[in-house]
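Read the structure below first, then the notes.
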Amino acid sequence: MSMDIETELNDAQREAVLTTEGPVLVIAGAGSGKTRTIVYRLAHLVRQGIDPAQILLLTFTRKAAQEMLNRAGTILGHPLTGTSGGTFHSFAYATLRRNAADLGFDNGFTLMDRSDCESVCKDVKDSLTLGKGDRSYPKKATLLDMITKSRNKELPIESIMEREAYHLTPYLDDLNSIAAGYAAFKRQHALVDYDDLLFLLDELLTRNEPLRNQLQARYRYIMVDEYQDTNLVQARIVQHLAGKRGNVMAVGDDAQSIYAFRGANVANILDFPKNFEGTKIIRLEKNYRSVQPILDLTNEILQGATIRFDKHLYSDLKSDALPEVVYPLSDQTQARLVVDQILELGRKYSLHDVAVLFRAGYQSFPLEVALTRVGVDYQKFGGIRFHEAAHIKDVLAYLRLVVNPHDLMAWQRALEHVKGVGPKTVAKIYKAMHTNDAKYMATVTRKHESLRELLNELDGLRNMPPKPSAVLERVLAFYQPVLIDKYPDDYPKRQAGLEQLSQIAQNYVDMDQLLGDLSLDGDPDEEKRKENAVVLSTVHSAKGLEWSAVIVIDLVEDRFPSRKAMQRPEDLEEERRLMYVACTRAKQCLKLFVPSSVYNRQSGLSDPTLPSPFVLELSGGVFTPLKESYSGGLEKRWPVDTKPVHREPAPSRTAAGASADSPAPGTVPPAQLGFCTHKIFGKGKIIACPEPNKYKVNFPGFGIKTIIGDYLEML
DNA sequence: CCACCTGCTGTTTTT
DNA sequence: CAGCAGGTGG
């Protein structure tokens, strides 16, 4: 492949590629050739004679980094060797491992995944004897959420609570104690969570000047992708690495910021020019991905935003076909209709070029069943990850113990397979081992004969050369009976997973590296898109990707936007950007599905739905509406808003629904539903208007109340 | 102290 | 439908 900067790039892209010195901020709209720009810049730098090892490319997923490096290699005609590319987290992991002793980890450390972190939270909670008998006590997942959110946003737990979890206020003191206990536990057992990777790197770079200088000297050219989704500590890391020279190119799009929930701060991209003096700002606005009718629709989604974006994408790609909005009767029939659409699209496109997107992982379950029934293969992104499966974690626990004897989480997993040994016994054994209490060890091993064997086996592992594949081989051999015993129903399937793990291990010489990569990057086998498998993905996991045809399902209130995001206006804004990301993935064909009812587990019945506000506010001209007929087909549905909708004397939330389609009878157009305040209950969300001037309002902490309009102030 | 059973609660997104 | 607390029997 050739590299012709003159003909293959537009003016803005070319400028971004050719500006190699000094800070550059590239505001890259969706589909504006951002990846191409980064790839060409990589190639250009190397062609200029820059040593590839002096380039650092930080991206959001390791997959993205790998793909960019590969493409740059293709352009150059030889692979880029020595370039560091990956996520902030993987870069941090590698750097910390080389400097573990400096951070007080003399025996190395182990990276915990999400479920490890949750169980630590639970253990700490139990050991502080908090929440006994309280059924509504925050779950371990909630506890961890609050702790990491507080860290990522660098705010006290109290502020996080005030802003987004008012109902947890009674537990504030508990949460602070649990957070402290959690931190102490990690230290004590040489464990590190995802957040620690970033904070420890920041600490290291701040404190260790020689190291900082060394890294600054090495990485003379830094590129950071998806800058809108970095948080405060990531921005500091970039500043440390860039140093005075400030040779940083940040690329991102404020309209695609969808990770505020984990502490991402859009201010980073907006303030980049302030933090790096003399920043050259380049905007990429021409879209090369989507046909114009799709962009007309996505531009409208952005127009509804409270804080307007200075952005309007345009494209040369024409099409006569408008995006479609399809109204199935229920989420069950939606699955069937989507399968029909997939089969039809499969005639025009390769199936791996067709994607179904949704807000949350579980929303694809009915579709997965339907696809399996008709025999269509699919590949799902954003579900349970490879390394989170119980049997994989079991096996990895033994590997972890080879590296880090303080890893209590791993001890628990490993020893609890012995019949008669539970959490309490493990804790005692752990303590006895670390205090050389031979007497207890003798007693306990006499009581459980198979424990003795297991400990001998572990010693054997520790004494062999730490070659991952060899150690794993031995672990798998003695894990085999446990596997069959523990999973009598489906152990053959899990066995296949373990063999896959063996395959992966072949590629590693270093145990730490293997463990880190598994936790930081999930299933390395997922890299390649399967041929002839339709893609199912959460919108978050679809970021940065594109398909010829995209179907978005479950576009109803409480699902997309998610129910949890309906409490606060700023969360709703993030959902809007998420909707924008979803729709801008489509190149030629976009279909939005709005089921009229969804199955409700609690009642066992189908509940009627309200269409997502993001669909309601679209003007009639940008899409073709189709509804499911009672016979199961699709027919054109004419916009019914010819008869004027009776409007309440205007709660002023008009941004939504200016030209909305008429809602189903008996419901109220969400255009009128917004937020309000009440003298006693405070701020709440209006969820229905059963009769004129009477509203059902959900007040956080008080629940749903029906209130006369006169007592409410509309926001 | 551990394993197993019962009945209640409440469902986002990810490195 | 899972995840979890609490009770019971070994």
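Residue numbers start from 1 in every chain, and the chains themselves are labelled A, B, ... in the order their sequence lines are given, proteins ahead of strands. Since the structure is predicted, the reported quantities are computational estimates derived from the model, not experimental observations.
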>> Judged by each residue's nearest nucleotide on DNA chain B, which is more toward the 5′ side, H89(A) or K139(A)?
In response: K139(A)
> Can you list every salt bridge (Lys or Arg N to Asp or Glu O under 4.0 Å) pair that touches residues 141-151 of chain A, not counting sequence neighbours?
Replying inline: R114(A)-D145(A), K149(A)-E164(A), R151(A)-D193(A), R151(A)-D196(A)
Within the sub-3.5 Å range, which N or O atoms of nucleotides 6-10 of chain C have a protein N or O partner, and how far apart are they?
| unit_1 | atom_1 | unit_2 | atom_2 | d |
| --- | --- | --- | --- | --- |
| dG6(C) | OP1 | G133(A) | N | 2.8 |

>> Using whole Å, what does the distance between atom P of nucleotide dG10(B) and atom OH of Y137(A) come to?
In response: 16 Å
> When all nucleic acid strands are considered with a 4.0 Å heavy-atom cut-off, which category describes K543(A): base, sugar-phosphate, or nothing?
Replying inline: nothing
> Just checking, R577(A) and Y580(A): is the charged tip under 6.0 Å from the six-membered ring centre and within 45° of the axis?
Replying inline: no
> Where along residues 410-419 of chain A does a heavy atom come under 4.0 Å from DNA chain C, residue by residue in number order?
Replying inline: none
> Nearest 0.5 Å, what's the CG-CD1 distance between L58(A) and I237(A)?
Replying inline: 9.0 Å
> Checking all strands, does F88(A) fall into the base, sugar-phosphate, or nothing category for heavy-atom contacts under 4.0 angstrom?
Replying inline: nothing
>> Ring centres within less than 5.5 Å and planes less than 30° apart: is that true of F261(A) and dT13(B) in this structure?
In response: yes
>> Using a 4.0 Å heavy-atom cut-off, does R563(A) contact any base of the nucleic acid, only the sugar-phosphate backbone, or nothing at all?
In response: nothing
>> Regarding V421(A), tell me which of base, sugar-phosphate or nothing describes its non-hydrogen contacts under 4.0 Å with the strands shown.
In response: sugar-phosphate
>> Just N and O in the side chain of T425(A): are any of them under 4.0 Å from OP1 or OP2 of dC2(B)?
In response: yes
